[in-house]
Amino acid sequence: MRAAAVLAVACCFDGPLRLAVSLPLVMASLAISCLALRNGDGADVRPFPPTLWMLLASVAALGIAMPGNIGPLWLELLRRGFSFFGVVAIGLVSGNSPLWRRRALVASVAGATVLAFIIPAAIPNPLIDVVPWTDTAVRAFLHGVHPYTVQAPDVYRGGADFGFVVRVYPYMPATLLAFAPFVAGIGDFRYALAACVPATIWLVRRAGRRSGADPQLLDAATLMIALHPTMAVVVRSGWTEPLLGVASAVVAVALVEGRSGLAAIGTLLLPALKQYAIAPVILWAAGPGRRTRPQAWAIAAACAALTVFPFLLWNAQATLDGMLFQVRAPVRPRLTSISIPGLLANYASVNLPVWVSAAAQLVASGALAAAGIGATVPGLYAGSAVALLLTFVLGWQGFVNYYVWIGTLLVLAAVTDRPTGTPVSAGR
Amino acid sequence: MKRVLVAALVALALRGLVQLAYSTYFCPPRRTLEAVRSGATDTVLERGERVARIGDAIFTCETEHRAGPIVLHHDLDCFCAPATMSAEQVGDRVHGSCTVDHLAPLLADPTGSCHFARCNHYVTP
């Protein structure tokens, strides 16, 4: 949980401070996560640390002073006001009154949900290419046009040079399937992301309760997600990582409840939602997956394949162009990336090859799997977080939305870290 | 509650200090102004992800870096604005003094002070 909080703090800086402050904090989070893996046993002898409330209050407070404006003045006042309320709510939840504790918790979750649902309507056309690309692709799909053959308008009007020009929807087909009902029904795919906020909280609490987590830890986890300072930015920007957060939480619930089939489906859907989400699959396959029946493996693989194959049959070349765009297109690291290549791109003439981050994820998750880290639910999540943190620290692109999902993985690791300290019935 | 509020205040104070220290000692546009004034370089900007939009010219502008009403120092930076705007008009918009660097910037152009059509700010009329 400490690592998740440090990672959330890292997400609160912009401009050159991303390299000066955020990058060291991301590396600190990686170090804390590694230490947590080493000291994984003995959760029963670790009492809930009261300092965690102070750390959470610091995270919420930084939401008040987030850099930049994402929308109209009233929305800025609302989101920063919500962060201020969050500090007070943390104070109440950390107190001794069960009544006020519950009220503050409910108000925090309700407030986060309302804020998330307000954002798409309040900021219909944010200045980020993800939104028009996703919207154009989903609408094309709903009209029977192959979504990887359409072009979105350039929101930057030629005013951006990322080292590549986006010419095709660069995300996985499963995201289109997830967003389509929301575009058809409410007109904006970002309502799906808004819905992910309460869904993730509910699933995290359920996973924690079934694991026998300390109620205080569960409340802290709830507030960590509800009061995350960049939640509003993630929804506004149309980043798909909240879908990964929900899928990861579904897997956690399935694992602690012994529903191995559902866990298999959720795990294999992760890379079907975002290309880089490989580490959880490797760790799951080496841990709970080994105890999962072959039929469940087959059904899970079929579910993941069903999100891709119809698009491949429809137009294989266009679909592959889209799915592999981020692998092929970049010619240099993003200068705004919170990563070592991002740092080198700004201040040096040499840099890491693009394949290093992918290789790092495979090597790290393979090593952690071989060490048996994925055998327990908290190990699976903490190990995945470590491998993914390493991926993005060494990646040409390491952005806030990636770190937000890793934060959710760390929260899931914390709430499933059973007080008994015994290995969890992963994949029972 | 008291500890939580103190922690929040400390976090905000540290955030402010980081921002102030950065603005005072590490601000890149300030260092650029000093380097240009000392004659060490003519280059104001050569890296970045923001480039001139279609129809933009690029201006170099000296502006005041403020923290509320307090002027911390002066900055020198590249600004993109429609080519129909004059340097004086851009200067009025950014509360500084500007000169034209490129009227028709190109991504491959390494000349001038703002190389490769880079700018850190966009100005709208």
* Least distance between heavy atoms, A/A61 atom then B/L12 atom ->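 In terms of heavy atoms, the two residues are closest at O-CD2, 3.3 Å.
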* Asked: Of all heavy-atom pairs between B/A8 and A/V87, which one has the smallest distance, and what is that distance?
  ->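 In this case the closest contact between B/A8 and A/V87 is CB-CG1, 3.5 Å.
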* **Top contributor to chain B interface from A/P50, A/G95, A/P16 [non-hydrogen pairs under 4.5 Å]** =>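 Among the listed options, the one with the most contacts to chain B is A/P16.
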* To do: Report the residues that fulfil side chain to side chain contact (heavy atoms under 4.5 Å, CB included) with A/P98, sequence neighbours left out, ordered by chain and then residue number.
  =>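 Listed in chain order: nothing, the list is empty.
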* With A/A104 via side chain to side chain contact (heavy atoms under 4.5 Å, CB included) - residues at least two apart ->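 Only A/A89, A/L92, A/V93 meet the side chain to side chain contact (heavy atoms under 4.5 Å, CB included) criterion with A/A104.
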Given a strict heavy-atom distance threshold of 4.5 Å, which part of [X] is in contact with chain B: side chain, backbone, both, or neither?
X	answer
A/V9	neither
A/L17	side chain
A/A60	neither

Is there any N or O donor on one of chain A and chain B with an acceptor on the other under 3.5 Å, and could you list each such pair with its distance?
| from | atom 1 | to | atom 2 | distance (Å) |
| --- | --- | --- | --- | --- |
| A/R157 | O | B/I54 | N | 3.3 |
| A/G159 | O | B/V51 | N | 3.3 |
| A/G159 | O | B/Y122 | OH | 2.4 |
| A/D161 | N | B/E49 | O | 2.8 |
| A/D161 | OD2 | B/R118 | NH1 | 3.2 |
| A/D161 | OD2 | B/R118 | NH2 | 2.6 |
| A/R334 | NE | B/E49 | OE1 | 3.2 |
| A/R334 | NE | B/E49 | OE2 | 2.6 |
| A/R334 | NH2 | B/E49 | OE1 | 3.0 |
| A/L335 | N | B/E49 | OE2 | 3.1 |
| A/T336 | OG1 | B/E49 | OE1 | 3.3 |
| A/A345 | O | B/R47 | NH1 | 2.4 |
| A/N346 | O | B/R47 | NH1 | 3.2 |

* Got a sec: does the CD1 of B/I54 have more than 12 other heavy atoms crowding it under 6.0 Å? ->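 Atom CD1 in B/I54 is not packed in, count stays at 12 or less.
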* Within a radius of less than 6.0 Å around CE of A/M27, do more than 12 heavy atoms belonging to other residues, nucleotides or ligands occur? ->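 Counting neighbours around CE of A/M27, 12 or fewer heavy atoms of other residues, nucleotides or ligands fall under 6.0 Å, so no.
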* Using the test ring pair (Phe, Tyr, Trp, His ring centres under 6.0 Å), find all partners of B/F116 that sit at least two apart in sequence or belong to another chain. =>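 Expected list: none.
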